[in-house]
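One structure is given below, encoded as structure tokens.
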Number of protein chains: 2
Amino acid sequence: MARKTGSHSRNTAPKVRDAALRLFARFGYAAVSMRRIAAEVGVQAGALYAYTPDKQSLLFELMNGHMKTLLKTAAIPRPRGDILNQIDNFTRVHIEFHLKRPDATFVAYMELRNLDAANFAVIEQLRRTYEDRLESLIIAGRESGLLTVPDSKLAVMAVIAMLTGVNTWFRDDGRLDRAGIVAIYQDMIRRALGAQN
Amino acid sequence: MARKTGSHSRNTAPKVRDAALRLFARFGYAAVSMRRIAAEVGVQAGALYAYTPDKQSLLFELMNGHMKTLLKTAAIPRPRGDILNQIDNFTRVHIEFHLKRPDATFVAYMELRNLDAANFAVIEQLRRTYEDRLESLIIAGRESGLLTVPDSKLAVMAVIAMLTGVNTWFRDDGRLDRAGIVAIYQDMIRRALGAQN
DNA sequence: GTCTATATGCTGATAGAC
DNA sequence: GTCTATCAGCATATAGAC
């Protein structure tokens with residue numbers, strides 16, 4: 001209880017991150033001022049600099065955290081199960097993960113150009129790691145004769161673009177629920193990859 | 001020859017649009033100032049307002065022109081030919097059109113949130129018109145038994161996301177040329193749509 | 001940890017000269 | 001059609017009080 005007067009920061013750090021994420025997603029990094037983030041949190045602009053050295057770091061931490069969590073969540077825990085099941089699993093996890101985090105997903109895709117060079121390289125590396133995992137599955141599937149893929153790298157790009165695109169049109173009160181969407185995408189992706197199901 | 005001193009605007013209008021497009025694509029609408037556009041054109045900031053009433057209109061005109069050109073280019077000139085060929089054609093035209101205009105494509109996708117409400121509605125309508133054309137093809141293919149598509153709307157979103165994603169990774173000095181990429185995407189899209197080829 | 005006050009500079013847009 | 005000059009406001013970030 002050695003807290004000074006005016007100090008109620010126990011929840012401020014996550015509030016800053018939440019406010020920044022929400023505002024960056026909605027209006028874009030460049031269009032959001034530190035004053036606006038502060039107002040959303042309920043402090044003055046200067047107080048934000050107790051939590052981040054500058055605006056750029058705030059953006060980077062949000063994107064870096066998002067990518068790290070993605071890689072952790074999408075870690076393949078069990079190498080057992082055949083390749084088609086693993087690809088179905090990738091499809092499901094990708095859709096569920098990103099639909100659960102629309103703001104972070106949007107920021108991670110839209111604000112890449114607002115990262116400085118060093119930060120961009122870090123995020124780019126994480127993105128590549130994620131893509132490589134999917135490519136490994138596709139290559140394994142092709143080698144075992146379960147898939148017919150003309151080009152594994154293009155297949156990766158096509159599948160990830162399809163999947164991430166879900167976030168752009170999904171609505172909670174829409175015609176299909178998440179499980180239904182996952183099932184349809186699993187079907188389309190298996191087919192696109194030439195699965196002999 | 002009734003031109004006043006200091007008047008050399010014959011090429012300025014397109015220069016303004018080109019500069020704005022290039023800068024918006026690279027740094028984002030919100031991060032680009034009118035002064036910076038003017039500097040790129042080689043005039044002072046005030047001179048831009050002879051060509052656009054404000055910055056917002058400049059963005060809207062770029063996006064509106066892009067979408068109108070897309071709809072014109074992708075107009076289906078010949079209803080003859082079977083559905084699979086028409087879908088292959090859609091794939092080819094989409095990829096070629098967008099690879100030819102990387103900046104406009106990028107701006108059209110990234111800057112939607114920076115349109116004011118009225119302008120956004122216009123662009124949204126054009127985008128929907130484009131999607132509806134593809135859906136018509138898919139529905140016709142399904143009805144004639146050529147395609148197996150669990151959900152035509154999701155199929156549209158998946159296909160367009162796949163196709164537009166090409167712009168994010170394509171490089172002119174890359175491993176595959178445009179024709180090669182088109183062929184692979186035609187194959188993956190036919191398969192995704194359950195074509196019995 | 002948060003406040004107020006401030007520095008330094010850039011923003012979109014307009015007015016009037018030429 | 002383009003220039004210069006300018007308005008009024010907001011930007012990021014820091015300093016020092018409490």
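On a predicted model such as this, the values are computed, not experimentally measured, just so you know. Protein chains get the first letters and strands the later ones, always in sequence-line order, with residue 1 at the start of each.
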Should Thr12(A) be listed as having a side-chain N or O under 4.0 Å from OP1 or OP2 of dT2(C)?
yes
Please name all residues satisfying side chain to side chain donor-acceptor pair (under 3.5 Å) with Arg142(A), sequence neighbours left out, ordered by chain then number.
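Arg142(A) satisfies side chain to side chain donor-acceptor pair (under 3.5 Å) with no other residue.
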Using the side chain to side chain donor-acceptor pair (under 3.5 Å) criterion, which residues pair with Arg128(A)? Sequence neighbours excluded.
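Side chain to side chain donor-acceptor pair (under 3.5 Å) check on Arg128(A) returns nothing, list empty.
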Listed partners of Tyr49(A) passing ring pair (Phe, Tyr, Trp, His ring centres under 6.0 Å), at least two apart:
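None.
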Interatomic distance where [atom1] belongs to [X] and [atom2] belongs to [N] [whole Å]:
| X | N | atom1 | atom2 | value |
| --- | --- | --- | --- | --- |
| Leu48(A) | dT4(C) | CG | P | 14 Å |
| Asn11(A) | dG1(C) | CG | P | 13 Å |
| Ile37(A) | dA13(D) | CD1 | P | 10 Å |
| Gln44(B) | dC18(C) | CD | P | 17 Å |

Please list, chain by chain and in numerical order, all residues satisfying side-chain contact (heavy atoms from CB on, under 4.5 Å) with Arg171(A), sequence neighbours excluded.
Asp173(A)
Output one letter per nucleotide in nucleotides 10-15 of chain C: B when a protein non-hydrogen atom lies under 4.0 Å from the base, S when only the sugar-phosphate is that close, - when neither is.
-BBBB-
Any sub-3.5 Å donor-acceptor pair from Arg36(A)'s side-chain atoms to Leu23(A)'s backbone N or O?
no
Hydrophobic cluster partners of Phe106(A) (side-chain heavy atoms under 4.5 Å):
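Its cluster mates, by chain and number, are Met110(A), Phe106(B), Met110(B).
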